[in-house]
Amino acid sequence: MPHNGISALFLDIGGVLLTNGWGRQVRRQAAEQFRIDYAAMDERHHLSFNSYEDGKLTLDQYLTQVVFYEPRPFSRDDFKAFMYDQSKPFPDMIGYICELKARYKLHVAVVSNEGRELTAYRVKTFDLKDFVDSFIVSSFVHYRKPDQDIYRLALDVVQVTPDEVIYVDDRPLFVEIARGMNIKSIQHKDLATTQAEFAGMGLA
(Lines give C-alpha, C1' and ligand atoms only; values in the text may rest on other atoms or scores of the structure.)
Protein backbone atom coordinates (compact mmCIF):
# COMPACT_ATOMS: atom_id res chain seq x y z
CA MET A 1 0.00 0.00 0.00
CA PRO A 2 1.55 3.39 -0.92
CA HIS A 3 2.68 5.41 2.09
CA ASN A 4 0.78 8.70 2.45
CA GLY A 5 -0.54 8.04 -1.06
CA ILE A 6 3.00 8.26 -2.52
CA SER A 7 3.95 5.34 -4.73
CA ALA A 8 6.61 6.82 -7.05
CA LEU A 9 9.63 9.11 -7.10
CA PHE A 10 10.57 11.07 -10.22
CA LEU A 11 14.25 12.10 -10.12
CA ASP A 12 16.54 14.20 -12.23
CA ILE A 13 19.99 12.68 -12.81
CA GLY A 14 22.36 15.65 -13.14
CA GLY A 15 22.53 17.68 -9.94
CA VAL A 16 20.57 15.09 -7.94
CA LEU A 17 22.03 11.58 -8.37
CA LEU A 18 25.19 12.53 -10.28
CA THR A 19 27.07 15.67 -11.20
CA ASN A 20 25.83 17.51 -14.26
CA GLY A 21 27.05 15.67 -17.32
CA TRP A 22 27.78 18.55 -19.69
CA GLY A 23 26.90 21.73 -17.85
CA ARG A 24 28.38 25.21 -18.21
CA GLN A 25 31.21 24.62 -15.72
CA VAL A 26 32.28 21.39 -17.42
CA ARG A 27 32.19 23.07 -20.85
CA ARG A 28 34.44 25.84 -19.52
CA GLN A 29 36.87 23.22 -18.21
CA ALA A 30 36.84 21.48 -21.60
CA ALA A 31 37.53 24.74 -23.43
CA GLU A 32 40.43 25.46 -21.09
CA GLN A 33 41.93 21.98 -21.25
CA PHE A 34 41.64 21.64 -25.03
CA ARG A 35 42.37 25.34 -25.72
CA ILE A 36 39.11 26.05 -27.51
CA ASP A 37 37.57 29.51 -27.79
CA TYR A 38 34.86 29.17 -25.14
CA ALA A 39 32.61 31.92 -26.49
CA ALA A 40 32.54 30.34 -29.97
CA MET A 41 32.00 26.85 -28.54
CA ASP A 42 29.26 28.10 -26.20
CA GLU A 43 27.34 29.82 -29.00
CA ARG A 44 27.46 26.69 -31.13
CA HIS A 45 26.49 24.61 -28.09
CA HIS A 46 23.34 26.65 -27.48
CA LEU A 47 22.34 26.37 -31.14
CA SER A 48 22.88 22.59 -31.17
CA PHE A 49 22.28 21.20 -27.70
CA ASN A 50 18.48 21.12 -27.69
CA SER A 51 18.59 18.93 -30.79
CA TYR A 52 21.11 16.62 -29.11
CA GLU A 53 19.06 16.36 -25.90
CA ASP A 54 15.92 15.78 -27.99
CA GLY A 55 17.61 12.76 -29.60
CA LYS A 56 17.77 14.41 -33.02
CA LEU A 57 21.57 14.48 -33.11
CA THR A 58 24.07 11.80 -32.13
CA LEU A 59 26.93 12.83 -29.86
CA ASP A 60 29.28 12.72 -32.87
CA GLN A 61 26.98 15.01 -34.85
CA TYR A 62 26.75 17.40 -31.93
CA LEU A 63 30.54 17.46 -31.55
CA THR A 64 30.99 18.07 -35.27
CA GLN A 65 28.80 21.16 -34.98
CA VAL A 66 30.26 22.45 -31.72
CA VAL A 67 33.94 21.43 -31.63
CA PHE A 68 35.13 19.61 -34.75
CA TYR A 69 33.88 22.04 -37.40
CA GLU A 70 37.56 22.85 -37.94
CA PRO A 71 40.74 20.78 -37.54
CA ARG A 72 41.77 20.21 -33.93
CA PRO A 73 45.08 19.02 -32.44
CA PHE A 74 43.20 16.43 -30.34
CA SER A 75 41.03 13.48 -31.23
CA ARG A 76 37.29 13.10 -30.97
CA ASP A 77 37.83 10.11 -28.66
CA ASP A 78 39.99 12.19 -26.31
CA PHE A 79 37.31 14.86 -26.11
CA LYS A 80 34.53 12.32 -25.48
CA ALA A 81 36.63 10.64 -22.79
CA PHE A 82 36.95 14.02 -21.06
CA MET A 83 33.17 14.52 -21.25
CA TYR A 84 32.44 11.12 -19.74
CA ASP A 85 35.08 11.50 -17.02
CA GLN A 86 33.33 14.55 -15.56
CA SER A 87 30.40 12.42 -14.35
CA LYS A 88 30.69 11.68 -10.63
CA PRO A 89 28.10 10.11 -8.32
CA PHE A 90 26.55 11.53 -5.17
CA PRO A 91 26.76 8.28 -3.13
CA ASP A 92 24.91 9.63 -0.08
CA MET A 93 21.95 10.77 -2.20
CA ILE A 94 21.88 7.49 -4.14
CA GLY A 95 22.00 5.55 -0.87
CA TYR A 96 19.16 7.63 0.56
CA ILE A 97 16.94 7.07 -2.50
CA CYS A 98 17.65 3.32 -2.30
CA GLU A 99 16.58 3.36 1.38
CA LEU A 100 13.33 5.20 0.57
CA LYS A 101 12.61 2.82 -2.31
CA ALA A 102 13.12 -0.25 -0.12
CA ARG A 103 11.26 1.10 2.93
CA TYR A 104 8.18 2.36 1.09
CA LYS A 105 8.26 0.07 -1.97
CA LEU A 106 8.41 3.03 -4.35
CA HIS A 107 8.70 3.00 -8.12
CA VAL A 108 11.74 5.12 -9.00
CA ALA A 109 11.75 6.87 -12.38
CA VAL A 110 14.36 9.16 -13.89
CA VAL A 111 12.92 12.22 -15.67
CA SER A 112 15.92 13.86 -17.27
CA ASN A 113 17.18 16.03 -20.11
CA GLU A 114 20.28 14.27 -21.45
CA GLY A 115 21.79 13.02 -24.66
CA ARG A 116 21.60 9.33 -25.46
CA GLU A 117 25.29 8.43 -25.30
CA LEU A 118 25.93 10.34 -22.09
CA THR A 119 22.88 8.74 -20.45
CA ALA A 120 23.95 5.26 -21.53
CA TYR A 121 27.42 5.82 -20.10
CA ARG A 122 26.07 7.16 -16.81
CA VAL A 123 23.46 4.41 -16.38
CA LYS A 124 26.06 1.70 -16.92
CA THR A 125 28.98 3.26 -15.04
CA PHE A 126 27.00 4.10 -11.91
CA ASP A 127 24.67 1.06 -11.95
CA LEU A 128 21.56 3.24 -12.06
CA LYS A 129 19.46 0.26 -13.20
CA ASP A 130 20.05 -1.27 -9.77
CA PHE A 131 17.48 1.11 -8.28
CA VAL A 132 15.83 3.01 -11.15
CA ASP A 133 12.79 1.26 -12.64
CA SER A 134 12.00 3.61 -15.56
CA PHE A 135 14.06 6.03 -17.64
CA ILE A 136 12.10 8.91 -19.17
CA VAL A 137 15.01 10.73 -20.78
CA SER A 138 14.64 13.51 -23.36
CA SER A 139 16.81 11.79 -25.97
CA PHE A 140 14.74 8.59 -25.64
CA VAL A 141 11.27 10.14 -25.68
CA HIS A 142 11.86 13.31 -27.78
CA TYR A 143 10.32 15.60 -25.18
CA ARG A 144 12.38 17.70 -22.78
CA LYS A 145 11.80 19.64 -19.61
CA PRO A 146 10.25 22.16 -19.07
CA ASP A 147 7.66 20.87 -21.58
CA GLN A 148 4.73 19.39 -19.66
CA ASP A 149 4.65 16.53 -22.18
CA ILE A 150 7.65 14.78 -20.60
CA TYR A 151 5.99 14.85 -17.16
CA ARG A 152 2.72 13.57 -18.59
CA LEU A 153 4.59 10.78 -20.35
CA ALA A 154 6.33 9.84 -17.10
CA LEU A 155 2.96 9.65 -15.32
CA ASP A 156 1.63 7.43 -18.13
CA VAL A 157 4.68 5.15 -18.20
CA VAL A 158 4.68 4.64 -14.43
CA GLN A 159 0.86 4.54 -14.31
CA VAL A 160 0.45 6.99 -11.46
CA THR A 161 -1.51 10.19 -10.89
CA PRO A 162 0.24 13.45 -9.94
CA ASP A 163 -0.76 13.14 -6.27
CA GLU A 164 1.05 9.78 -6.04
CA VAL A 165 4.44 11.26 -7.02
CA ILE A 166 7.26 13.22 -5.43
CA TYR A 167 9.58 14.84 -7.97
CA VAL A 168 13.15 15.94 -7.17
CA ASP A 169 15.14 18.32 -9.39
CA ASP A 170 17.84 20.92 -8.77
CA ARG A 171 16.43 23.39 -11.34
CA PRO A 172 13.81 25.79 -9.92
CA LEU A 173 11.96 26.17 -13.24
CA PHE A 174 11.47 22.41 -13.66
CA VAL A 175 10.20 22.16 -10.08
CA GLU A 176 7.75 25.01 -10.72
CA ILE A 177 6.39 23.32 -13.87
CA ALA A 178 5.82 20.04 -12.02
CA ARG A 179 4.13 21.81 -9.11
CA GLY A 180 1.86 23.53 -11.62
CA MET A 181 0.76 20.03 -12.66
CA ASN A 182 -0.04 19.16 -9.01
CA ILE A 183 3.06 16.99 -8.62
CA LYS A 184 4.63 17.36 -5.16
CA SER A 185 8.13 18.63 -5.90
CA ILE A 186 11.40 19.25 -4.09
CA GLN A 187 14.12 21.58 -5.30
CA HIS A 188 17.25 19.63 -4.40
CA LYS A 189 20.01 21.73 -2.85
CA ASP A 190 21.67 19.20 -0.59
CA LEU A 191 20.89 15.88 1.06
CA ALA A 192 19.86 17.32 4.44
CA THR A 193 17.27 19.76 3.09
CA THR A 194 15.88 17.15 0.70
CA GLN A 195 15.56 14.63 3.55
CA ALA A 196 13.70 17.25 5.60
CA GLU A 197 11.32 17.94 2.70
CA PHE A 198 10.65 14.22 2.23
CA ALA A 199 9.96 13.91 5.97
CA GLY A 200 7.49 16.80 5.71
CA MET A 201 5.68 14.82 3.01
CA GLY A 202 5.48 11.73 5.23
CA LEU A 203 8.51 9.80 3.94
CA ALA A 204 10.95 9.97 6.87
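Along the sequence shown, residues carry numbers from 1. On a predicted model such as this, the values are computed, not experimentally measured, just so you know.
By the 30° and 60° cut-offs, the orientation of the rings of Phe68 relative to Phe74 is perpendicular.
Between Glu99 and Lys101, no side-chain nitrogen of the basic residue sits less than 4.0 Å from a carboxylate oxygen of the acidic one, so the salt-bridge criterion is not met. At a threshold of 4.0 Å, the pair Glu117-Lys80 does not count as salt-bridged, since none of the basic side-chain nitrogens sits closer than that to a carboxylate oxygen.
At distances below 3.5 Å, not a single donor-acceptor pair connects side-chain atoms of Asp147 with backbone N or O atoms of Ile150. Side-chain atoms of Arg116 do not come within 3.5 Å of backbone N or O of Leu59 as any donor-acceptor pair. Not a single donor-acceptor pair under 3.5 Å links the side chain of Lys56 to the backbone N or O of Glu53. A donor-acceptor contact shorter than 3.5 Å links the side chain of Asn4 to the backbone of Met201. Although no hydrogens or angles enter the test, the distance criterion places a donor-acceptor pair under 3.5 Å between the side chain of Asp133 and the main chain of Val108. Side chain of Ser138 to backbone of Arg144: no donor-acceptor contact under 3.5 angstrom is found. Using modelled atom types, no side-chain atom of Ser51 and backbone atom of Leu57 make a donor-acceptor pair closer than 3.5 Å. In this structure, Thr194 contributes its side chain and Ile186 its backbone to no donor-acceptor pair below 3.5 Å.
One hydrophobic cluster, built from ILVMFWY side chains closer than 4.5 Å, cannot hold both Phe135 and Trp22; they sit in different ones. Taken together through direct or relayed side-chain contacts under 4.5 Å among Ile, Leu, Val, Met, Phe, Trp and Tyr, Val111 and Phe90 form part of one hydrophobic cluster. No chain of hydrophobic side-chain contacts below 4.5 Å, direct or via other Ile, Leu, Val, Met, Phe, Trp or Tyr residues, connects Val67 to Leu47. Follow the hydrophobic side-chain contacts under 4.5 Å out from Phe174 and you reach Val165 in the same cluster. Taking hydrophobic clusters as Ile, Leu, Val, Met, Phe, Trp and Tyr residues chained together by side-chain heavy-atom distances below 4.5 Å, Ile136 shares a cluster with Phe10.
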* Walk me through it: do Thr119 and Phe140 pass the test side-chain contact (heavy atoms from CB on, under 4.5 Å)? => CA-CA 10 Å; Thr119 299; Phe140 302 166; 3.7 Å; yes
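Within 6.0 Å of the CZ atom in Arg76, the count of heavy atoms belonging to other residues, nucleotides or ligands exceeds 12. Counting non-hydrogen atoms of other residues, nucleotides and ligands closer than 6.0 Å to CZ of Phe79 gives a total above 12. Atom CD of Gln29 is surrounded by more than 12 heavy atoms from other residues, nucleotides or ligands within 6.0 Å. Open room surrounds CD on Gln25; 12 or fewer heavy atoms of other groups in view lie less than 6.0 Å from it.
Stacking of Arg28 on the aromatic ring of Tyr38 is recorded, both the 6.0 Å distance cut-off and the 45° axial limit being met. Geometrically, Arg44 engages Tyr69 in a cation-pi contact, judged by NZ or CZ lying under 6.0 Å from the ring centre and within 45° of the ring axis.
Between Asp12 and the choices Arg171, Lys145, His188, the side chain to side chain donor-acceptor pair (under 3.5 Å) rule is met once, by Lys145.
Side-chain contact of Thr161 with Asp163: a donor-acceptor pair under 3.5 Å is present, judged by distance alone.
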